[in-house]
Amino acid sequence: MFSNARYKVSCRFFLVLAIPGDGAARLGLVVSRKNVPGAVQRNRLKRLIRENFRRRQSQLCGANLVVLARKDAHRHPNPALNRKLDGLLDDLLGKMRSAGAAEPGTANPDTARRESP
RNA sequence: CGAGUCAGCCGGGCAAUCGCUGUUCGUGUCUUUCGGCGCGGACGGAGGAAAGUCCGGGCUCCAUAGAGCAGGGCGCCAGGUAACCCCUGGGGGGCGCGAGCCUACGGCAAGUGCAACAGAAAGCAUACCGCCAGACAGCCGUCUGGUAAGGGUGAAAUGGUGCGGUAAGAGCGCACCGCGCGGCUGGUAACAGUCCGUGGCAAGGUAAACCCCGCCCGGAGCAAGGCCAAAUAGGAAUCCCAUGGUGCGGCUCGCACCGGAUUCGGGUAGGCCGCUACAGGUUCGCGGCGACGCGGGCCGCAGAUGAAUGAUUGCCCUCGACAGAACCCGGCUUACAGGCUGACUCGGCCU
């Protein structure tokens with residue numbers, strides 16, 4: 001998925017990859033112990049990402065996402081991270097819409113399933 | 001009021017809305033059950049350290065006649081416990097005015113080893129300055145011998161004080177203190193007491209140095225272990241077809257390879273159990289100084305599996321630290337914003 005992701009947006013805290021799909025939108029989390037050492041902070045980031053995904057789920061029209069937390073993302077408070085994620089998802093939706101106008105999405109769900117977790 | 005010691009507790013609160021997960025009830029649906037998937041309601045949903053994984057157990061599988069060796073752990077005494085390197089009580093030693101705190105606290109007159117610098121000398125040693133005697137010299141001094149009281153070195157120097165004694169001295173002798181051994185008394189014991197006897201008594205320290213002595217220890221871990229069980233490939237058994245097909249070969253002969261059906265066991269993906277009810281919590285009574293034990297009542301208190309406790313908003317306060325269960329307990333250790341309670345000690349002031 002990292003190599004054949006169709007869409008890619010990122011900032012200092014997160015990297016978001018996406019492949020269009022059909023059916024329910026799906027989310028993969030990558031929050032490594034290397035980037036975020038403490039278990040409590042790791043849980044916090046995962047909750048935050050899931051919450052944002054849940055809020056925007058209906059707009060994503062079945063896309064498969066992978067969100068990677070970068071190093072030191074846990075050093076920032078929730079409101080700042082929420083704003084960043086919100087912005088990233090906006091960018092992603094923008095890219096998907098402009099691409100979708102040119103070419104109707106033909107994703108390969110099998111590939112996505114194999115590599116998403 | 002100030003300073004301090006010990007023990008224990010709390011670890012933001014409330015409300016609304018939107019979510020996650022488990023149990024349960026109702027309901028819809030799928031194929032009837034089992035069960036799956038929805039929807040709705042109710043209830044439960046991280047910690048004092050969940051952490052480090054440092055000890056000890058339960059549980060599971062494997063191994064195992066017994067004993068020993070190796071290796072490791074522990075080490076004053078008594079008790080508690082499922083067990084412990086833990087806890088409680090007691091003893092010895094050290095620190096503090098004190099409440100209290102700390103303590104790997106068996107053995108070095110079995111063996112081996114180690115000790116920088118200083119110092120004469122640091123282990124089966126010895127005399128630098130001294131003191132004393134004798135000889136030489138005869139003003140200082142030199143040599144030989146005795147001695148270890150005084151000085152000096154050191155973390156540590158072969159018991160301390162006094163008197164006797166002596167050339168000067170020395171446990172050389174004596175008294176007291178200290179120490180060792182034996183007895184007695186108290187105590188379950190460690191140990192204490194010192195009434196008595198006895199030895200003039202030490203060539204010391206270090207065993208978280210090797211070692212010796214005593215006691216204890218089988219291994220691996222819930223990804224333990226067990227159950228259900230696709231697809232694909234391979235295996236076994238039975239039955240059927242039975243002399244067929246393919247390749248070599250000119251052909252016959254011959255050689256090699258290839259069938260179908262059913263059942264079975266192993267077993268991967270996947271699912272389920274293990275999985276939370278217990279060395280459980282709490283309260284009362286009894287026993288015990290206490291750790292804890294016994295008995296009765298009451299309570300049900302997370303079970304996730306890419307891994308659930310959150311988000312947003314509002315109000316309040318002291319403005320929120322360290323930090324996230326993964327089979328379960330008992331400990332230890334470490335991290336921690338801030339706050340609360342009780343007992344006690346020392347000092348000051350007032351009555």
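Numbers restart at 1 for each chain; the letters A, B, ... are given by sequence-line order, proteins then strands.
- Closest of all the heavy-atom pairs between A/Ala73 and A/Leu45 is CB-CD1, 4.3 Å.
- For B/C301, the base is syn relative to its sugar; the glycosidic angle is within 90° of 0.
- For the P atoms, the distance from B/G150 to B/G182 is 34 Å, rounded to whole Å.
- Rounded to whole angstrom, the span from the CG atom of A/Asn52 across to the P atom of B/G19 amounts to 16 Å.
- In B/G171 the base sits syn relative to the sugar, since the glycosidic angle is no further than 90° from 0.
- Comparing B/U17 with B/G40, their P atoms sit 15 Å apart, to the nearest whole Å.
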CA sep, side-chain torsions, deciding dist, call: A/Val16, A/Asp91, side-chain contact (heavy atoms from CB on, under 4.5 Å) | CA-CA 10 Å; A/Val16 181; A/Asp91 287 356; over 6 Å; no
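- Pair assignment for B/G265: none, as no Watson-Crick or G-U wobble contacts are both less than 3.5 Å.
- Across the strands present, B/A7 finds its partner in B/U341; the criterion is a Watson-Crick or G-U wobble pair with both atom distances under 3.5 angstrom.
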All N/O pairs under 3.5 Å across the protein-nucleotides 48-54 of chain B interface:
none

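- Under the 4.0 Å criterion applied to side-chain N and carboxylate O atoms, A/Glu51 and A/Arg47 are not assigned as salt-bridge partners.
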Would A/Val36 and A/Lys46 satisfy side-chain contact (heavy atoms from CB on, under 4.5 Å), going step by step from the backbone distance to the final call?
-> CA-CA 11 Å; A/Val36 185; A/Lys46 286 196 269 187; over 6 Å; no
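- In this structure, B/A175 shows a glycosidic angle more than 90 degrees from zero, which is the anti conformation.
- Base pairing of B/U142 is made with B/A135, judged by Watson-Crick or G-U wobble geometry with both donor-acceptor distances under 3.5 Å.
- Using N1 to N3 plus N6-O4 or O6-N4 for Watson-Crick, or N1-O2 and O6-N3 for G-U wobble, each under 3.5 Å, B/A67 pairs with nothing.
- With sequence neighbours left out, A/Arg42 forms a side chain to side chain donor-acceptor pair (under 3.5 Å) with no residue at all.
- Glycosidic conformation at B/U276 (O4'-C1'-N9-C4 for purines, O4'-C1'-N1-C2 for pyrimidines): syn, within 90° of 0.
- Distance noted for atom C1' between B/C105 and B/C10: 40 Å (whole Å).
- Separating the C1' atom of B/G45 from that of B/G267 is a span of 39 Å, rounded to the nearest Å.
- For A/Arg50 (side chain) and A/Leu27 (main-chain N/O), no donor-acceptor pair under 3.5 Å exists by modelled atom type.
- The main-chain N or O of A/Leu89 is never found under 3.5 Å from a side-chain atom of A/Arg56 such that the two would form a donor-acceptor pair.
- Using atom P as the reference point in both B/C25 and B/G303, the two lie 16 Å apart (nearest Å).
- Here the separation of B/G119 from B/G107, taken at their C1' atoms, is 33 Å to the nearest Å.
- A donor-acceptor pair under 3.5 Å is absent between the side-chain atoms of A/Asn52 and the main chain of A/Asp86, judged by distance alone.
- Contact record, A/Ser10 with A/Arg70: CB-NH2, 3.5 Å, taken as the closest heavy-atom pair.
- Looking at A/Lys95, its side chain does come within 3.5 Å of a backbone N or O of A/Lys8 through a donor-acceptor pair.
- Shown here, B/G47 forms a base pair with B/C322; the pair counts as Watson-Crick or G-U wobble because both key distances fall under 3.5 Å.
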Contact letters for nucleotides 307-315 of chain B, in which S counts primed atoms plus P, OP1 and OP2 and B counts the base, heavy atoms under 4.0 Å = SSSBSS---
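- A 3.5 Å limit on both hydrogen-bonding distances identifies no Watson-Crick or G-U partner for B/G204.
- Taking atom P on both B/A325 and B/A42, the two are 31 Å apart, rounded to the nearest angstrom.
- Applying the Watson-Crick and G-U wobble criteria (two distances, each under 3.5 Å), B/C289 pairs with nothing in any strand.
- With rounding to the nearest 0.5 Å, the separation of OH in A/Tyr7 from CG in A/Leu17 is 13.0 Å.
- Nucleotides B/C278 and B/A302 place their C1' atoms 15 Å apart, quoted to the nearest Å.
- Taking the O4'-C1'-N9-C4 or O4'-C1'-N1-C2 dihedral as appropriate, B/A121 has a value more than 90° from 0 and is therefore anti.
- Base pairing of B/U17: its partner is B/A311, meeting the Watson-Crick or G-U wobble criterion (both donor-acceptor distances under 3.5 Å).
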